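In the text below, chain A, chain B and the rest are named by the order of the sequence lines, each starting its count at 1. Here the structure is a predicted model, which means the values were calculated and not measured.
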Amino acid sequence: MRIATWNVNSLKARLPRVEAWLSDLQPDVVCLQETKLADSAFPALTFAALGYESVHHGEGRWNGVAILSRVGLDDPMNGFGPDDDDPEARLVWATCGGIRIASAYVPNGRSLDDDHYRYKLAWLAKLQALLETDHDPVGPLVIAGDYNIAPTDLDVWNPARFEGATHVSAPERDALAAMQAWGLTDSFRVLQPEAGLYSWWDYRGGSFHKKEGMRIDLLMATRPVVDRLTFATIDRNARKGQQPSDHAPVLIDLAD
DNA sequence: ATGGTGGCCCGGCCA
């Protein structure tokens, strides 16, 4: 079973590349972020024709998350649940192939003194609370998405340049550490421990070609999933060529 | 160099 996460930075702009990528990589489950679509504009029929069921939680101009699955898609849920009042479409859930899956687009904090940074930390705290009340680390669970957090300095091209910046601050990394203490593992790192492996590169200044990126797209998985890991990679090819997203897809393979 | 590129949709916001 192949599970992928990809911040596509507008599914409308990226649909031809996403279709070709599905055909090439043959993922079973795909978590998409930043679709930037209303639910009414989500191309569910296009994905159905390729063999994928889907669920989308969108708001239109910004954000928007989806899950595609060709191994079943049950019990979809938007956001943090029925009592959720979060105004932004950043989280969607479904059960696919026996695994509870979330596609998450964690807010970008912008800077440490910004309201968006406080919103990011509050959003992560809500996710942690939901884990503790509604989930069990003994069960198969993957929370995949754009975390907008580089877990360690190995995940940043130049840590010195990010001192005092968002994506690397202690409170953000502490939030990720809390998820890990609860029972989620950064699955990619189980099989790919080396430095210099990034999933996002700024469009500006030729960052991709200069290898100036960050690894901020993660598949956080519970033990029953980690025990099945056979392969993990970042598909850098998807960041090349015409009209790429600024993020590359990250994928893991699980033994049956 | 406080820029730059690319998405939204058409002036400015967001990443």
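Salt bridge annotation for A:Arg2-A:Asp28: absent, with no cationic side-chain nitrogen under 4.0 angstrom from a carboxylate oxygen. Ion pairing of A:Asp114 with A:Lys120 is absent here, as no side-chain N (NZ or NE/NH1/NH2) approaches a carboxylate O to less than 4.0 Å.
Residues that satisfy the side-chain hydrogen bond (donor to acceptor under 3.5 Å, both in side chains) test with A:Lys12, not counting sequence neighbours, are absent from this structure. Residues passing the salt bridge (charged side-chain N to carboxylate O under 4.0 Å, His left out) test with A:Asp202 are A:Arg204, sequence neighbours excluded.
Comparing B:dT2 with B:dG11, their P atoms sit 26 Å apart, to the nearest whole Å. Atom P of B:dA15 sits at a distance of 28 Å from the matching atom of B:dA1, rounded to the whole Å. Nucleotides B:dT5 and B:dC9 have their P atoms positioned 22 Å apart, rounded to a whole Å.
Regarding A:Leu11, its CG atom lies at a distance of 13 Å from the P atom of B:dG7, rounded to whole Å. A:Leu37 has its CG atom 14 Å from the P atom of B:dG7, to the nearest Å.
Within the hydrophobic cluster formed by Ile, Leu, Val, Met, Phe, Trp and Tyr side chains joined at under 4.5 Å, directly or through other members, A:Leu50 is accompanied by A:Trp6, A:Val8, A:Leu11, A:Leu15, A:Val18, A:Trp21, A:Leu22, A:Leu25, A:Val30, A:Leu32, A:Leu37, A:Phe42, A:Phe47, A:Tyr52, A:Leu68, A:Phe231, A:Leu251. Here A:Val168 is tied into one hydrophobic group with A:Val156, A:Trp157, A:Phe162, A:Tyr198, A:Trp200, A:Trp201, A:Phe208, A:Met214, A:Ile216, each link being a pair of ILVMFWY side chains closer than 4.5 Å.
For residues 150-171 of chain A, proximity to DNA chain B is found at no residue, defined as any non-hydrogen atom under 4.0 angstrom from a strand atom.
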Inset, instruction - Can you check each nucleotide of nucleotides 9-15 of chain B against protein heavy atoms at under 4.0 Å and return B for base, S for sugar-phosphate only, - for none, in 5' to 3' order? - result: --BBBSB
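The closest donor-acceptor contact from the side chain of A:Tyr203 to the backbone of A:Asp246 lies under 3.5 Å.
Between the CD1 atom in A:Ile99 and the CG atom in A:Leu141 there is a gap of 9.5 Å [rounded to 0.5 Å].
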